[in-house]
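See structure below.
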There are 2 protein chains.
Amino acid sequence: MDKTVNSRRTLGEWMRQCREARQLPLRKVAAHLDVDTSIVAKMEKGQRHPNRIHLQRLAELFDEPFDDVLVLYLSDRVAYELASERCSDDVLRVAEEKIKYLRSKNVKQGELEF
Amino acid sequence: MDKTVNSRRTLGEWMRQCREARQLPLRKVAAHLDVDTSIVAKMEKGQRHPNRIHLQRLAELFDEPFDDVLVLYLSDRVAYELASERCSDDVLRVAEEKIKYLRSKNVKQGELEF
DNA sequence: GAATTTTGGACAAATAATGTCAATTATTCA
DNA sequence: TGAATAATTGACATTATTTGTCCAAAATTC
(Lines give C-alpha, C1' and ligand atoms only; values in the text may rest on other atoms or scores of the structure.)
Protein backbone atom coordinates (compact mmCIF):
# COMPACT_ATOMS: atom_id res chain seq x y z
CA MET A 1 0.00 0.00 0.00
CA ASP A 2 2.67 2.46 0.91
CA LYS A 3 4.55 1.83 -2.27
CA THR A 4 7.26 4.37 -2.75
CA VAL A 5 5.79 5.55 -5.99
CA ASN A 6 2.33 6.26 -4.82
CA SER A 7 2.46 7.54 -1.31
CA ARG A 8 1.33 11.10 -0.94
CA ARG A 9 2.60 12.40 -4.18
CA THR A 10 0.90 13.47 -7.31
CA LEU A 11 1.73 11.96 -10.66
CA GLY A 12 3.34 15.23 -11.65
CA GLU A 13 5.59 15.31 -8.64
CA TRP A 14 6.65 11.76 -9.30
CA MET A 15 7.48 12.68 -12.87
CA ARG A 16 9.54 15.64 -11.82
CA GLN A 17 11.44 13.71 -9.19
CA CYS A 18 12.22 10.93 -11.62
CA ARG A 19 13.32 13.37 -14.25
CA GLU A 20 15.53 15.39 -11.94
CA ALA A 21 17.03 12.27 -10.43
CA ARG A 22 18.20 11.43 -13.93
CA GLN A 23 19.08 15.01 -14.75
CA LEU A 24 16.95 15.01 -17.84
CA PRO A 25 15.64 18.22 -19.37
CA LEU A 26 11.94 18.41 -20.14
CA ARG A 27 12.90 18.18 -23.76
CA LYS A 28 14.10 14.62 -23.35
CA VAL A 29 10.95 13.46 -21.63
CA ALA A 30 8.89 15.33 -24.16
CA ALA A 31 10.68 13.59 -26.99
CA HIS A 32 10.07 10.23 -25.37
CA LEU A 33 6.38 11.01 -24.98
CA ASP A 34 6.25 12.60 -28.40
CA VAL A 35 4.68 15.84 -27.21
CA ASP A 36 5.79 19.43 -26.81
CA THR A 37 7.98 20.43 -23.87
CA SER A 38 5.29 22.64 -22.47
CA ILE A 39 2.94 19.69 -22.12
CA VAL A 40 5.41 17.88 -19.92
CA ALA A 41 5.92 21.00 -17.84
CA LYS A 42 2.19 21.18 -17.34
CA MET A 43 1.93 17.50 -16.57
CA GLU A 44 4.44 17.94 -13.80
CA LYS A 45 2.19 20.62 -12.37
CA GLY A 46 -0.97 18.62 -12.75
CA GLN A 47 -2.37 20.99 -15.34
CA ARG A 48 -2.45 18.40 -18.08
CA HIS A 49 -3.28 14.73 -17.97
CA PRO A 50 -1.18 12.13 -19.72
CA ASN A 51 -3.04 9.47 -21.66
CA ARG A 52 -2.51 5.72 -21.50
CA ILE A 53 0.24 5.73 -24.07
CA HIS A 54 2.05 8.46 -22.18
CA LEU A 55 1.72 6.40 -19.03
CA GLN A 56 3.28 3.39 -20.68
CA ARG A 57 6.16 5.44 -21.96
CA LEU A 58 6.67 7.09 -18.60
CA ALA A 59 6.73 3.69 -16.96
CA GLU A 60 9.38 2.41 -19.30
CA LEU A 61 11.37 5.62 -19.25
CA PHE A 62 11.49 5.77 -15.48
CA ASP A 63 11.63 2.02 -15.06
CA GLU A 64 8.54 1.70 -12.94
CA PRO A 65 5.87 -1.03 -13.16
CA PHE A 66 3.08 0.16 -15.37
CA ASP A 67 0.42 -0.72 -12.84
CA ASP A 68 1.99 1.54 -10.25
CA VAL A 69 2.02 4.42 -12.67
CA LEU A 70 -1.57 3.66 -13.54
CA VAL A 71 -2.60 3.81 -9.90
CA LEU A 72 -0.75 7.07 -9.58
CA TYR A 73 -2.63 8.43 -12.55
CA LEU A 74 -6.10 7.22 -11.60
CA SER A 75 -5.76 8.31 -7.99
CA ASP A 76 -4.71 11.70 -9.26
CA ARG A 77 -7.89 12.03 -11.23
CA VAL A 78 -10.03 11.03 -8.27
CA ALA A 79 -8.10 13.23 -5.89
CA TYR A 80 -8.26 16.34 -8.04
CA GLU A 81 -11.98 15.75 -8.49
CA LEU A 82 -12.70 15.36 -4.78
CA ALA A 83 -10.16 17.62 -3.12
CA SER A 84 -12.55 20.55 -3.17
CA GLU A 85 -15.49 18.58 -1.78
CA ARG A 86 -16.27 18.54 1.90
CA CYS A 87 -17.51 14.98 1.94
CA SER A 88 -14.69 13.21 0.14
CA ASP A 89 -14.28 10.51 2.78
CA ASP A 90 -17.89 9.48 2.48
CA VAL A 91 -17.57 9.55 -1.27
CA LEU A 92 -14.62 7.19 -1.27
CA ARG A 93 -16.31 4.71 1.01
CA VAL A 94 -19.53 4.72 -0.93
CA ALA A 95 -17.61 4.49 -4.18
CA GLU A 96 -15.83 1.37 -2.99
CA GLU A 97 -19.12 -0.37 -2.33
CA LYS A 98 -20.57 0.91 -5.52
CA ILE A 99 -17.73 -0.48 -7.60
CA LYS A 100 -18.38 -3.93 -6.18
CA TYR A 101 -22.03 -3.43 -6.90
CA LEU A 102 -21.51 -2.32 -10.48
CA ARG A 103 -19.21 -5.24 -11.15
CA SER A 104 -21.59 -7.80 -9.72
CA LYS A 105 -24.39 -6.27 -11.73
CA ASN A 106 -22.41 -6.47 -14.93
CA VAL A 107 -21.20 -9.97 -14.24
CA LYS A 108 -24.81 -11.01 -13.87
CA GLN A 109 -25.70 -9.38 -17.14
CA GLY A 110 -22.65 -11.00 -18.65
CA GLU A 111 -21.50 -7.82 -20.27
CA LEU A 112 -19.17 -5.02 -19.47
CA GLU A 113 -20.31 -1.57 -20.40
CA PHE A 114 -18.68 1.15 -18.38
CA MET B 1 -21.88 5.45 6.56
CA ASP B 2 -24.48 2.94 5.63
CA LYS B 3 -27.04 5.61 5.09
CA THR B 4 -30.10 4.28 3.36
CA VAL B 5 -29.63 6.58 0.45
CA ASN B 6 -26.11 5.68 -0.42
CA SER B 7 -25.58 2.05 0.27
CA ARG B 8 -24.83 0.02 -2.80
CA ARG B 9 -27.03 1.84 -5.16
CA THR B 10 -26.32 4.13 -8.03
CA LEU B 11 -27.72 7.61 -8.21
CA GLY B 12 -29.95 6.48 -11.04
CA GLU B 13 -31.39 3.60 -9.08
CA TRP B 14 -32.07 5.90 -6.19
CA MET B 15 -33.88 8.28 -8.49
CA ARG B 16 -35.99 5.55 -9.95
CA GLN B 17 -36.92 4.10 -6.59
CA CYS B 18 -37.89 7.50 -5.28
CA ARG B 19 -39.91 8.25 -8.34
CA GLU B 20 -41.75 4.94 -8.36
CA ALA B 21 -42.39 5.13 -4.65
CA ARG B 22 -44.25 8.34 -5.38
CA GLN B 23 -45.78 7.00 -8.57
CA LEU B 24 -44.51 9.88 -10.61
CA PRO B 25 -44.04 9.61 -14.36
CA LEU B 26 -40.70 10.68 -15.79
CA ARG B 27 -42.51 13.68 -17.15
CA LYS B 28 -43.07 15.08 -13.69
CA VAL B 29 -39.46 14.71 -12.62
CA ALA B 30 -38.35 16.12 -15.93
CA ALA B 31 -40.54 19.16 -15.43
CA HIS B 32 -39.10 19.68 -11.98
CA LEU B 33 -35.57 19.45 -13.33
CA ASP B 34 -36.48 21.48 -16.39
CA VAL B 35 -35.13 18.97 -18.89
CA ASP B 36 -36.57 16.57 -21.41
CA THR B 37 -38.11 13.30 -20.28
CA SER B 38 -35.50 11.28 -22.07
CA ILE B 39 -32.76 12.90 -20.03
CA VAL B 40 -34.33 11.70 -16.81
CA ALA B 41 -34.74 8.23 -18.26
CA LYS B 42 -31.06 8.23 -19.10
CA MET B 43 -30.11 9.58 -15.70
CA GLU B 44 -31.90 6.68 -14.09
CA LYS B 45 -29.77 4.37 -16.19
CA GLY B 46 -26.55 6.17 -15.47
CA GLN B 47 -26.17 7.27 -19.06
CA ARG B 48 -26.40 10.94 -18.28
CA HIS B 49 -25.11 12.90 -15.33
CA PRO B 50 -27.19 15.49 -13.52
CA ASN B 51 -25.50 18.77 -12.72
CA ARG B 52 -25.46 20.56 -9.37
CA ILE B 53 -28.72 22.33 -9.98
CA HIS B 54 -30.38 19.05 -10.89
CA LEU B 55 -29.02 17.56 -7.69
CA GLN B 56 -30.50 20.32 -5.61
CA ARG B 57 -33.86 19.91 -7.26
CA LEU B 58 -33.73 16.15 -6.85
CA ALA B 59 -32.92 16.58 -3.19
CA GLU B 60 -35.88 18.86 -2.62
CA LEU B 61 -38.22 16.82 -4.79
CA PHE B 62 -37.42 13.58 -3.03
CA ASP B 63 -36.94 15.21 0.34
CA GLU B 64 -33.41 14.04 0.89
CA PRO B 65 -30.53 16.04 2.41
CA PHE B 66 -28.56 17.63 -0.36
CA ASP B 67 -25.26 16.36 0.97
CA ASP B 68 -26.44 12.78 0.74
CA VAL B 69 -27.45 13.25 -2.83
CA LEU B 70 -24.13 14.89 -3.52
CA VAL B 71 -22.26 11.91 -2.10
CA LEU B 72 -24.40 9.65 -4.21
CA TYR B 73 -23.51 11.67 -7.27
CA LEU B 74 -19.79 11.99 -6.65
CA SER B 75 -19.37 8.36 -5.71
CA ASP B 76 -21.17 7.45 -8.89
CA ARG B 77 -18.65 9.37 -10.94
CA VAL B 78 -15.74 7.72 -9.17
CA ALA B 79 -17.29 4.28 -9.35
CA TYR B 80 -18.11 4.45 -13.04
CA GLU B 81 -14.58 5.67 -13.68
CA LEU B 82 -12.92 2.87 -11.72
CA ALA B 83 -15.25 -0.07 -12.15
CA SER B 84 -13.39 -1.26 -15.20
CA GLU B 85 -9.94 -0.95 -13.62
CA ARG B 86 -8.27 -3.89 -11.98
CA CYS B 87 -6.57 -1.86 -9.29
CA SER B 88 -9.49 0.19 -8.00
CA ASP B 89 -8.86 -0.62 -4.35
CA ASP B 90 -5.33 0.68 -4.53
CA VAL B 91 -6.55 3.72 -6.36
CA LEU B 92 -9.07 4.58 -3.66
CA ARG B 93 -6.54 4.24 -0.89
CA VAL B 94 -3.93 6.28 -2.64
CA ALA B 95 -6.54 8.85 -3.59
CA GLU B 96 -7.53 9.27 0.04
CA GLU B 97 -3.97 10.12 1.01
CA LYS B 98 -3.54 12.31 -1.99
CA ILE B 99 -6.60 14.38 -1.14
CA LYS B 100 -5.14 15.14 2.26
CA TYR B 101 -1.88 15.98 0.61
CA LEU B 102 -3.43 18.29 -1.97
CA ARG B 103 -5.40 20.09 0.70
CA SER B 104 -2.41 20.61 2.94
CA LYS B 105 -0.43 21.86 -0.03
CA ASN B 106 -3.10 24.35 -0.96
CA VAL B 107 -3.61 25.48 2.59
CA LYS B 108 0.07 26.23 2.77
CA GLN B 109 -0.10 28.19 -0.44
CA GLY B 110 -3.20 29.88 0.89
CA GLU B 111 -5.08 29.40 -2.31
CA LEU B 112 -7.51 26.90 -3.69
CA GLU B 113 -7.11 25.95 -7.29
CA PHE B 114 -8.50 22.56 -8.12
C1' DG C 1 -56.73 -0.50 -28.77
C1' DA C 2 -56.13 4.28 -27.28
C1' DA C 3 -53.67 7.01 -24.33
C1' DT C 4 -49.82 7.47 -21.69
C1' DT C 5 -45.28 6.39 -20.52
C1' DT C 6 -40.74 4.89 -21.48
C1' DT C 7 -36.80 4.08 -24.36
C1' DG C 8 -33.27 4.94 -27.80
C1' DG C 9 -30.90 7.16 -31.47
C1' DA C 10 -29.70 11.13 -34.45
C1' DC C 11 -28.46 15.57 -34.23
C1' DA C 12 -26.66 20.35 -32.99
C1' DA C 13 -24.86 23.22 -29.35
C1' DA C 14 -22.04 23.85 -25.51
C1' DT C 15 -18.09 22.56 -22.83
C1' DA C 16 -13.82 20.59 -21.82
C1' DA C 17 -9.38 18.68 -23.09
C1' DT C 18 -5.46 18.38 -26.09
C1' DG C 19 -1.32 19.81 -28.37
C1' DT C 20 1.39 23.50 -31.03
C1' DC C 21 3.46 27.63 -31.06
C1' DA C 22 5.64 31.74 -29.59
C1' DA C 23 6.99 34.91 -26.13
C1' DT C 24 8.73 35.57 -21.62
C1' DT C 25 11.32 34.34 -17.61
C1' DA C 26 14.74 31.61 -15.15
C1' DT C 27 18.85 28.96 -14.88
C1' DT C 28 23.37 27.36 -16.14
C1' DC C 29 28.07 27.90 -16.86
C1' DA C 30 32.02 29.51 -19.55
C1' DT D 1 28.40 39.32 -17.57
C1' DG D 2 26.16 37.38 -21.16
C1' DA D 3 25.17 33.66 -24.32
C1' DA D 4 23.00 29.31 -24.41
C1' DT D 5 19.92 26.24 -22.65
C1' DA D 6 15.90 25.23 -19.96
C1' DA D 7 11.42 26.12 -18.03
C1' DT D 8 7.02 28.55 -17.76
C1' DT D 9 3.00 30.62 -19.48
C1' DG D 10 -0.83 31.98 -22.25
C1' DA D 11 -3.12 32.34 -26.71
C1' DC D 12 -4.84 29.68 -30.15
C1' DA D 13 -6.87 26.06 -33.23
C1' DT D 14 -8.25 21.35 -33.09
C1' DT D 15 -10.45 17.41 -31.28
C1' DA D 16 -13.29 14.91 -27.91
C1' DT D 17 -16.64 14.69 -24.80
C1' DT D 18 -20.91 16.06 -22.81
C1' DT D 19 -25.26 18.00 -22.93
C1' DG D 20 -30.01 18.63 -24.17
C1' DT D 21 -33.80 18.57 -27.85
C1' DC D 22 -36.46 16.26 -30.89
C1' DC D 23 -38.61 12.48 -32.78
C1' DA D 24 -40.00 7.82 -33.56
C1' DA D 25 -40.55 3.31 -31.89
C1' DA D 26 -41.67 0.07 -27.87
C1' DA D 27 -43.81 -0.89 -23.83
C1' DT D 28 -47.21 -0.21 -20.36
C1' DT D 29 -51.60 0.99 -18.44
C1' DC D 30 -56.47 1.03 -18.21
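We name chains A, B, ... by the order of the sequence lines, and we start the count at 1 in each one.
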For atom CD of A/Glu20, decide whether the heavy atoms of other residues, nucleotides or ligands shown that lie under 6.0 angstrom number more than 12.
-> yes

More than 12 heavy atoms from other groups under 6.0 Å of CZ on A/Arg86 =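 Counting other residues, nucleotides and ligands, CZ of A/Arg86 stays at 12 neighbours or fewer.
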
Mind calculating the distance between [atom1] ([X]) and [atom2] ([N]) to the nearest angstrom?
| X | N | atom1 | atom2 | answer |
| --- | --- | --- | --- | --- |
| A/Glu81 | C/dA17 | CD | C1' | 15 Å |
| A/Arg27 | C/dA26 | CZ | C1' | 16 Å |
| A/Gln23 | D/dA7 | CD | P | 11 Å |
| B/Glu44 | C/dT5 | CD | P | 14 Å |
| B/Leu24 | D/dT28 | CG | C1' | 17 Å |
| B/Lys28 | C/dT4 | NZ | P | 13 Å |
| B/Leu26 | C/dG8 | CG | C1' | 13 Å |

Ignoring hydrogens and geometry, is there a side-chain-to-backbone donor-acceptor pair from [X] to [Y] under 3.5 Å?
| X | Y | answer |
| --- | --- | --- |
| B/Asp76 | B/Leu11 | yes |
| B/Arg103 | A/Ala83 | yes |
| A/Lys98 | B/Leu72 | yes |
| B/Arg48 | B/Ile39 | no |
| A/Arg19 | A/Leu24 | yes |

In plain terms, say whether A/Lys100 and A/Glu97 are close enough for a salt bridge, that is, a side-chain N and a carboxylate O under 4.0 Å apart.
->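 Judged by the 4.0 Å cut-off on N to carboxylate O distance, A/Lys100 and A/Glu97 do form a salt bridge.
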
Minimum-distance nucleotide (side-chain atoms of B/Pro25 versus C/dT7, D/dA6, C/dT5) |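 Looking only at heavy atoms from C-beta outward on B/Pro25, the closest nucleotide is C/dT5.
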
Any side-chain N or O of [X] less than 4.0 Å from the OP1 or OP2 oxygen of [N]?
| X | N | result |
| --- | --- | --- |
| A/Arg19 | D/dA7 | yes |
| A/Arg16 | D/dT8 | yes |
| B/Lys45 | C/dG8 | yes |

Measure across A/Tyr101 and B/Arg9 and return the closest heavy-atom pair with its distance rounded to 0.1 Å.
-> CE2-CA, 4.1 Å

Quick one: what's the B/S/- string for nucleotides 16-23 of chain D, heavy-atom cutoff under 4.0 Å, read 5' to 3'?
-> ---BBBB-

Is there any protein nitrogen or oxygen under 3.5 Å from a nitrogen or oxygen in nucleotides 13-15 of chain C, and what are the pairs?
none

